[in-house]
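Owing to the predicted nature of the structure, the values given are computational and were not obtained by experimental measurement. Counting starts at 1 for both ligands and their atoms, following the listed order.
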Amino acid sequence: MIVRRLVFDGYRNLAKGEIYPCENVNVIYGKNAQGKTNLLEALWLFSGNRSFRGAKDSEFIGFGKEKADLITEFYSEERVQNAEIIFQKGKKEVKLNGIKQNSVNKLMGKLCIVVFSPEHLSMVKRGPAERRKFIDSAICQIRPNFSDTLSEYNKLLIQRNAILKDLNYHSDLSDIMDIWEERLAVYGASVIRMRINYTERLSDTAEKYHLGISEGKEKLNISYSCGFTDEICSDRESLVNDYIQKLRESRKNDIKDGATSIGPHRDDITLEINGENLRSFGSQGQQRSAVLSMKIAEAELIKQATEQEPIVLLDDVLSELDSRRQKFLLNKIDNRQVFISCCERASADRLEGGKLFYVENGEIMAV
Ligand SMILES: Nc1ncnc2c1ncn2[C@@H]1O[C@H](COP(=O)(O)OP(=O)(O)OP(=O)(O)O)[C@@H](O)[C@H]1O
Ligand SMILES: [Mg+2]
């Protein structure tokens with residue numbers, strides 16, 4: 001997938017204009033608060049997702065403007081297509097190839113985009129919930145039915161937790177609990193097995209990129225940690241049976257805690273470099289490099305699943321990386337269209353080929 005042209009009018013601080021990116025690496029540089037992230041965000045919205053900054057639609061409209069109008073021409077599914085999103089106070093209009101769509105969701109899958117923004121570092125720095133969120137949304141991109149499995153699991157979990165509270169007063173509920181636990185184990189086992197499968201593939205691919213970024217010095221390993229052994233997890237039926245047994249065994253304690261102590265909502269993804277935990281022992285640059293490797297690996301897995309190369313947006317990734325790591329990133333992640341924002345002209349100069357854009361006060365100029 002390739003973005004050929006992006007037009008913006010009334011979008012945040014961006015002055016009315018357009019860009020024609022190149023097919024490989026595009027570097028957007030400029031001082032702080034000039035509009036670099038705004039430009040990447042405008043592109044990202046064509047993925048059909050909400051802003052990666054968690055912004056509301058009304059925030060996209062430039063101060064004092066009536067509306068924000070975004071248009072893109074892109075190459076996908078072996079043809080040139082176009083899309084338009086117009087944000088107006090309280091409403092938005094979406095068009096795909098000139099045809100009005102009732103929701104921005106209709107753009108999903110048309111232009112696949114993977115984004116890295118500094119907030120993604122929370123995947124390393126914060127707790128397991130952030131890592132589960134990353135894995136889950138990555139799986140959803142290539143297996144749309146995973147989101148149904150996950151939401152069914154969450155519903156069943158809420159049910160079990162509700163019954164746990166009532167069991168104190170109504171012991172006759174224990175037969176019903178048996179049935180809920182069996183269902184919970186079936187869905188929970190599916191979630192676990194899909195996450196393990198994805199994590200293994202992500203690990204192999206991310207390891208390759210991380211070795212490249214670190215000039216062969218660092219071996220990144222990503223693994224799924226859960227309350228069941230690898231052997232049990234490798235067989236669906238064994239996992240479901242062991243899961244049911246563990247739920248029954250923990251029921252007494254779970255009643256005391258009022259929560260379910262085992263299952264994918266408690267699992268974690270372990271990130272290690274050369275066998276050391278990245279969160280506890282990794283340097284800033286190592287953590288940033290690892291998350292980047294995971295993001296590029298995510299793009300590669302989308303490519304394998306959909307046979308289309310997604311677009312990669314890297315917001316502010318070059319800071320904290322030394323010149324050799326920067327050079328690798330700028331020049332060795334070819335075969336796909338990439339947009340990288342940075343503040344330093346010196347970083348931009350490490351780009352061999354590709355295209356440079358300079359941003360000042362919302363004006364974007366091809367250099
Ligand atoms: N709706 C809006 N209308 C006008 N200006 C806006 C709007 N939303 C954000 N801005 C302004 O856009 C400016 C540029 O923001 P942006 O996040 O793109 O900066 P940046 O170039 O990525 O900077 P940094 O290097 O610090 O990340 C900000 O100063 C912000 O005040
Ligand atoms: Mg920014």
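- You'll find the side chain of V25 stays beyond 4.5 Å of the side chain of L329, heavy atoms only.
- Side chains of Q337 and V312 form no contact here, defined as non-hydrogen atoms less than 4.5 Å apart.
- Between N161 and K165, the side chains place no donor N or O within less than 3.5 Å of an acceptor N or O (distance only, hydrogens not considered).
- At the top of the distance list for atom 9 (C) of ligand 1, counting protein heavy atoms only, stands R12 NH1, 3.7 Å.
- Using a 4.0 Å threshold on non-hydrogen atoms, atom 31 (O) of ligand 1 does not count as touching the protein.
- Side-chain contact annotation: Y11 with E41, donor-acceptor N/O pair under 3.5 Å present.
- Every N/O-N/O distance between F60 and ligand 1 stays at or above 3.5 Å.
- At a cut-off of 3.5 Å, with distance as the only test, no side-chain donor of D316 or S341 sits close to an acceptor on the other residue.
- With respect to atom 3 (N) of ligand 1, the closest heavy atom belonging to the protein is F63 N, 3.0 Å.
- The shortest distance between side-chain heavy atoms of Y198 and I269 does not fall below 4.5 Å.
- For atom 13 (C) of ligand 1, the nearest non-hydrogen atom of the protein is N13 ND2, 3.6 Å.
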Practice item. With side-chain contact (heavy atoms from CB on, under 4.5 Å) as the test, would you mind laying out the steps for I86 and K92 before giving the verdict? Key: CA-CA 5 Å; I86 304 174; K92 75 184 142 197; over 6 Å; no
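- Taking distances strictly below 2.8 Å, the protein N/O/S atoms close to the Mg ion (ligand 2) are T37 OG1.
- For atom 22 (O) of ligand 1, the nearest non-hydrogen atom of the protein is T37 OG1, 2.7 Å.
- Closest to atom 15 (O) of ligand 1, if we only count protein heavy atoms, is N38 ND2, 3.4 Å.
- Applying the 4.0 Å criterion to heavy atoms of C343 picks out, from ligand 1, the atoms 25 (O).
- For atom 21 (O) of ligand 1, the candidate residues are E59, E360, K36, R53; the nearest heavy-atom contact is made by K36.
- Nearest residue to atom 29 (O) of ligand 1 from A68, A33, G35 is A33 (criterion: closest heavy atom).
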Check your understanding: Can F228 and Y243 be said to form a ring pair (Phe, Tyr, Trp, His ring centres under 6.0 Å), step by step?
Key -> CA-CA 8 Å; F228 304 95; Y243 201 141; 5.1 Å; yes
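- Using a 4.5 Å cut-off on side-chain heavy atoms (C-beta onward), Q308 and C112 make no contact.
- Screening F46, W44, Y75 against L111 for a side chain to side chain contact (heavy atoms under 4.5 Å, CB included) leaves a single residue, F46.
- For the residue pair T270 and S225, a side-chain donor N or O sits within less than 3.5 Å of a side-chain acceptor on the partner.
- Residue-level proximity to ligand 1 for V359 is absent, since no heavy atom of it falls below 4.0 angstrom.
- Between R288 and E320, at least one side-chain N (NZ, or NE/NH1/NH2) sits under 4.0 Å from a carboxylate O, which counts as a salt bridge.
- The protein non-hydrogen atom at the shortest distance from atom 26 (O) of ligand 1 is N32 ND2, 3.1 Å.
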